[in-house]
Number of protein chains: 2
Amino acid sequence: MLTRTLSHETWGDHAALIARSEGDSAGSVGKVNPQVCDVATPENPLELQYGERLEQVAVAYETYGELNSQGDNAILICHALTGSAHAAGIYESESVPGWWDPLIGPGKPIDTNKYFVICSNVLGGCYGTTGPISINPKTGFPYRLEFPRYTVRDMVEVQKRLADQLKVSSFASVIGGSMGAMQVLEWPLMYPERVRSIVPIAIGARHSAWAIGLNEVARRAITSDPKWNNGNYAPDEQPETGLGLARAVAMLSYRSFDSLEAKFGRQRVGATRDLLGVSFEIESYLSYQGVKLVKRFDANTYIYITKAMDDHDITEGRGRLPSVLKRIKQKALVMGISSDVLYPETEQKQLMDYLPNASYVRINSPHGHDAFLIEFPQLAVRLRRFLESL
Amino acid sequence: MLTRTLSHETWGDHAALIARSEGDSAGSVGKVNPQVCDVATPENPLELQYGERLEQVAVAYETYGELNSQGDNAILICHALTGSAHAAGIYESESVPGWWDPLIGPGKPIDTNKYFVICSNVLGGCYGTTGPISINPKTGFPYRLEFPRYTVRDMVEVQKRLADQLKVSSFASVIGGSMGAMQVLEWPLMYPERVRSIVPIAIGARHSAWAIGLNEVARRAITSDPKWNNGNYAPDEQPETGLGLARAVAMLSYRSFDSLEAKFGRQRVGATRDLLGVSFEIESYLSYQGVKLVKRFDANTYIYITKAMDDHDITEGRGRLPSVLKRIKQKALVMGISSDVLYPETEQKQLMDYLPNASYVRINSPHGHDAFLIEFPQLAVRLRRFLESL
């Protein structure tokens, strides 16, 4: 076997590399500052889908580009499970660009010379928007498990309130992958007059048994960790074993047989024969991914968001799938990933069966579901073409 | 959505149903009794691949049919990770037939009127063969984590010693799926003169990064459970949460997107909105599978066996893959499963690229890896044809 120098950061670096190469012909949005907007108050509470109410909701968001006077040149970018509002540009304190930076900027496919781009942290997230780690105004303590359950539709409702406050009259497009694409599908059903096109990437109309099963395993990994303590852990004492294990399971589902084989194969960490030791690079990688997530994400939030994902079903309360999808008249670009084992192309093809105004693009990639965060050249070409056609 | 009556036992019952339908034209091996054979003693110790030594090894096994006077009408059946020697027939105390009962019996594809069929519990197993739950003769206590690490080659060595004691001169065929097929591939490389044909089902030449990753997650689930207690749990106080979680992850990999979708879809258990409650049938199913395994399997053994699987690599110490496979001159029937995500068909095709005397069969099934325990009609036709061609 060939000796390879492995780096756990390789995939992450890929984004930065592409960003730099695109940077030759297209600019960066540069330094950005996260902002916060109150979208629910005691006078204007947020009524949640399952009947509970939040009287105080702040949304963390970023914007790139300028809104026109009609308020109709906006694009909404929706993030995935562990994502944040930081889609593009760089923060003062960090050198790592946002998670879709190669696609967003002046001259880039989502062109900030033309569009006013918004990305906000979802309701119930842990990157600045009100969620389980926020202080419950009624108790003065963090909500933790007292936070109400919320759904993808509640996330969209919060985005709509943010759009109102930012004076966005309608979105030229709502774009996102994975859980972001769940929000993308809900937008034209909840606010058809406020969105003119959609780009759902690597998602289906409703969460599958397979995806629910994987989420459930992840949740059980967290709740089985004694340090989880029924959700009452200190912020710096997360159930790291459980959350790390949850991430390891998820990472496998985000990749693919072929990509892991190409990257790690049977490369060994060392010559250890220790029964409980790490023998292979793939084991080390999964462990490392867990450690990384524990540093940047909250265990309770992981439980809440995966529950919201499992409840994703655009037909809920709306009728049968064909009729629901036929209500989405907007121009749609549906993208699927050839090697996606979590949201396989059969799901996107089901969307295509009934969406009346959609075109389909396959992202050819060995990288599995995460290709929507990796295959920037393909995404760039397709997004640019689609947005230029609007 | 159609209302379906779900039963967790549906898949298991499938085997029994097929057994009954085949039973019209073919007989059962009937009542069987597990037997035990000593294959290592202080005078004849077992030297393990990694250098350790066992001075006392007993093997649990079953046989069906009669050995001929030349000792060459034997077939060895090799079991998978959580399997046992109970491949066919029924025990006095139980009504559930062995795990491959539809395929083994008088007039069945593995015809006990013609063949002497052996199935033994692997070295280090927990179904009667010496393993981590056995008493260490040097201490008088169970080995637990003091049991030496063993490999698939060690498993084969123990099978070979059993064959010697049973006066088997050579096997007409060695047959197995999944981990059983790892043993199948090792047999002609370790004892080429003792095996005349092989049937490896749903396996590759070496364990992939993907499969190692899944096993590692399962092991971490077990070792993260405080009740595991560094392996020192009482037999009736297993780390049930951890072992159950390990099984849930494994079950997902044994099935497929399509089979889980067809069986469970988004069927809900009830109307609960409880954050931590079980919402969907798939969650209930995975939990149930965990509970079932905890009752019948040992957590430490799970760790040991998955380590042995991860070390599966027929090239280890033997040279490059093409040359190693070309050494296997025996007639081979390689089977792959169309929906197998754990050991995908690419692995079996790699075997086919170099095995000099092999034919390939695809089992068309939506059921994923576990199809080798489910798709009995297809397996029956192919095995019968192959064995009749010998």
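These numbers were taken from a predicted model, which means no experiment stands behind them. When reading the values below, keep in mind they use all heavy atoms of this one structure, side chains included, and skip hydrogens, waters and symmetry mates. Numbers restart at 1 for each chain; the letters A, B, ... are given by sequence-line order, proteins then strands.
- B:Arg149 touches chain A through its side chain: at least one heavy atom from C-beta onward sits under 4.5 Å away, while N, CA, C and O do not.
- Heavy atoms of B:Arg320 lying under 4.5 Å from chain A are absent altogether.
- In this structure, the portion of A:Phe280 lying under 4.5 Å from any heavy atom of chain B is its side chain and not its backbone.
- Of residues 336-345 of chain B, those residues with a non-hydrogen atom less than 4.5 Å from any non-hydrogen atom of chain A are, in numerical order, B:Val341, B:Leu342, B:Pro344.
- Heavy atoms of B:Glu347 lying under 4.5 Å from chain A belong exclusively to its side chain.
- If you measure heavy-atom distances from B:Ser208 to chain A, the contacts under 4.5 Å come from both the backbone and the side chain.
- The two residues B:Ser224 and A:Thr241 come nearest to each other via the heavy atoms OG-CG2, 3.0 Å.
- With a 4.5 Å cut-off on non-hydrogen atoms, B:Tyr50 touches chain A through its side chain but not through its backbone.
- Residue B:Thr315 does not touch chain A at all, counting heavy-atom pairs closer than 4.5 Å.
- Chain B forms the most heavy-atom pairs under 4.5 Å with one residue out of A:Thr346, A:Leu276, A:Leu145, A:Asp225, and that residue is A:Leu276.
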Just list the side-chain donor-acceptor pairs under 3.5 Å for residues 212-219 of chain A, sequence neighbours left out, or say none.
residue  : atom : partner  : partner atom : Å
A:Asn215 : ND2  : A:Asp310 : OD1          : 2.9
A:Glu216 : OE1  : A:Arg219 : NE           : 3.3
A:Glu216 : OE1  : A:Arg219 : NH2          : 3.1
A:Arg219 : NH1  : A:Thr306 : OG1          : 3.1
A:Arg219 : NH1  : A:Asp310 : OD2          : 2.9
A:Arg219 : NH2  : A:Asp310 : OD2          : 2.7
A:Arg219 : NH2  : B:Glu283 : OE2          : 2.8

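- One finds the NZ atom of B:Lys307 at 10.0 Å from the CZ atom of A:Arg273 (value rounded to the nearest 0.5 Å).
- The shortest non-hydrogen separation linking A:Arg266 to B:Arg206 is CD-CB, 3.6 Å.
- Closest non-hydrogen pair, B:Ala209 versus A:Gly265, comes out as CB-O, 3.4 Å.
- In this structure, A:Leu252 and B:Trp210 approach most closely via the heavy-atom pair O-CZ3, 3.0 Å.
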